[in-house]
Amino acid sequence: MTPFALSEDHVAIRDMARAFAAEKLAPHAVRWDEEKHFPVDVMREAAELGMGGVYISEDVGGSGLGRLEAALIFEALATGCPTVSAYVSIHNMAAWMIDRFGSDAQRRRWLPGLVMMESLASYCLTEPGAGSDAAALKTRARREGDHYVVDGVKQFISGAGVSDLYVTMVRTGDEGAGGISTLVIEKDTPGLSFGANERKMGWNAQPTRQVILEGARVPVENRLSDEGMGFRIAMAGLDGGRLNIGACSLGGADAALEKSLAYARERRAFGKALSDFQALQFKLADMATELEASRSFLWRAAAALDAGAPDATKLCAMAKRVATDRGFEIANEALQIHGGYGYLADYGIEKIVRDLRVHQILEGTNEIMRVIVARGLVGR
Ligand SMILES: Cc1cc2nc3c(=O)[nH]c(=O)nc-3n(C[C@H](O)[C@H](O)[C@H](O)COP(=O)(O)OP(=O)(O)OC[C@H]3O[C@@H](n4cnc5c(N)ncnc54)[C@H](O)[C@@H]3O)c2cc1C
């Protein structure tokens with residue numbers, strides 16, 4: 001790819017995901033939100049098209065694509081439903097952690113099922129007392145022979161209760177980041193249970209629950225990499241995860257902008273179409289410009305991550321903040337353009353606003369994105 005144009009392959013991948021979103025997600029998204037329905041069957045159809053393991057190696061059935069392709073896919077899926085796209089992206093992130101840091105035996109055991117989304121994965125870092133300050137996590141894994149005995153609570157876990165594998169950051173050593181390890185905990189592990197499905201503002205088409213570990217016995221062979229590597233593994237996953245969540249915001253914003261353009265042409269006030277008012281034309285122009293600027297920047301960060309650039313983490317944090325802040329603002333402006341109708345569920349706009357709001361909070365809040373960027377600036 002040149003920095004300014006997508007290749008034919010990129011366009012084909014994006015169009016494939018867009019067509020899937022238009023046919024399989026968009027027509028149902030408002031109902032899934034209302035009914036709190038998690039469409040696992042539809043996600044499996046997406047996996048048949050290679051979207052369950054976008055940047056997973058081909059030897060275990062993954063699509064073997066890069067972060068730019070992932071950004072194209074998650075943006076496209078999010079034009080149909082940001083919530084479903086976001087879950088598929090989290091599943092991809094957790095699977096990638098196994099692909100990148102797992103042994104060959106672990107990769108062959110778990111990844112073929114994950115890439116087809118026959119089994120689903122969740123990412124478990126946050127705890128009730130450790131959100132932004134994730135390295136303060138307290139979930140303890142005590143070694144007993146060839147098992148760890150795990151006690152603790154993971155908070156706000158996307159997909160919890162339905163997912164089959166929980167890629168979980170636990171404390172095996174001292175306080176701080178160096179005492180953390182990563183365990184893959186299977187759903188049927190005795191001592192693993194789930195809290196109630198949280199009632200929340202958006203993201204209703206996927207469950208969010210506590211993951212509760214009470215004397216859960218996890219085989220040592222389920223640990224990814226060495227003891228003490230867990231925080232690095234968690235943060236490596238999040239670099240790409242943040243691009244994916246940013247892409248989901250772009251997709252939601254793009255759908256909201258498209259709806260606004262159609263609505264502004266059709267709705268009349270003061271004897272003309274809304275789109276004839278220059279104030280609204282300027283608003284639409286700004287929305288399109290902010291979207292394009294955010295998208296270009298996200299692609300730049302994706303290319304940096306793929307290239308292993310030394311500033312990739314910083315660029316991913318910058319791009320996550322820009323894409324999720326601008327994405328939310330565009331969706332909110334779209335609601336305004338729809339007037340009172342934007343506030344009604346049937347138009348699908350208020351759902352996008354609700355869904356995109358949480359992207360400014362999770363996978364690191366946008367304040368924490370600034371912490372990451374500032375660390376490089378001030379600490380220089
Ligand atoms: C719907 C949903 C799904 C989620 N899914 C997952 C999941 O699948 N897996 C998972 O592990 N986690 C998940 N999370 C958790 C999410 O990542 C955390 O909520 C987030 O990291 C913030 O942590 P916190 O909620 O504890 O807020 P806190 O860390 O308590 O932060 C509160 C406020 O203080 C600010 N703040 C904190 N520290 C600083 C600082 N140093 N400088 C400036 N401001 C600061 C924050 O930005 C925020 O505004 C999910 C959350 C939600 C809401």
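Counting convention: from 1, in listed order, for ligands and their atoms alike. In this text the structure is predicted, and so the values were computed from the model without any measurement.
Taking a cut-off of under 4.0 Å to the non-hydrogen atoms of Val358, the atoms of ligand 1 that pass are 1 (C), 53 (C). For ligand 1, the atoms lying closer than 4.0 Å to a non-hydrogen atom of Ile361 are 20 (C). Atom numbering of ligand 1 starts at 1 in the shown order; those under 4.0 Å from a heavy atom of Glu363 are 17 (O). Applying the 4.0 Å criterion to heavy atoms of Thr365 picks out, from ligand 1, the atoms 22 (C), 46 (C), 47 (O).
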Residues 337-347 side chain polar contacts: donor-acceptor under 3.5 Å, at least two apart:
{"residue": "His338", "atom": "ND1", "partner": "Ala334", "partner atom": "O", "Å": "2.8"}

What donor-acceptor contacts under 3.5 angstrom involve side-chain atoms of residues 277-291, with partners at least two apart or in another chain?
{"residue": "Gln281", "atom": "NE2", "partner": "Ser275", "partner atom": "O", "Å": "2.8"}
{"residue": "Lys283", "atom": "NZ", "partner": "Glu333", "partner atom": "OE1", "Å": "2.7"}
{"residue": "Thr289", "atom": "OG1", "partner": "Ala285", "partner atom": "O", "Å": "2.6"}

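Below 3.5 Å of separation, one finds no N or O of Lys200 facing any N or O of ligand 1. On a distance-only criterion, Glu367 and ligand 1 share at least one N/O pair closer than 3.5 Å. The shortest N or O to N or O distance between Ser158 and ligand 1 is under 3.5 Å.
There is a protein heavy atom less than 4.0 angstrom from atom 2 (C) of ligand 1. At a distance under 4.0 Å, no protein heavy atom can be found next to atom 34 (O) of ligand 1. In this structure, atom 30 (O) of ligand 1 has its sub-4.0 angstrom surroundings free of protein heavy atoms.
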_Applying salt bridge (charged side-chain N to carboxylate O under 4.0 Å, His left out) to Arg295 and Glu75, what does each step give before you reach the verdict?_
CA-CA 9 Å; Arg295 182 184 283 133; Glu75 177 181 340; 2.7 Å; yes
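Between Glu186 and Arg109, at least one side-chain nitrogen of the basic residue sits less than 4.0 Å from a carboxylate oxygen of the acidic one, meeting the salt-bridge criterion.
Of the protein's non-hydrogen atoms, the one nearest atom 28 (P) of ligand 1 is Ser132 OG, 3.7 Å.
The cationic atom of Arg67 (NZ for Lys, CZ for Arg) lies less than 6.0 Å from the six-membered ring centre of Trp96 and within 45° of the ring axis.
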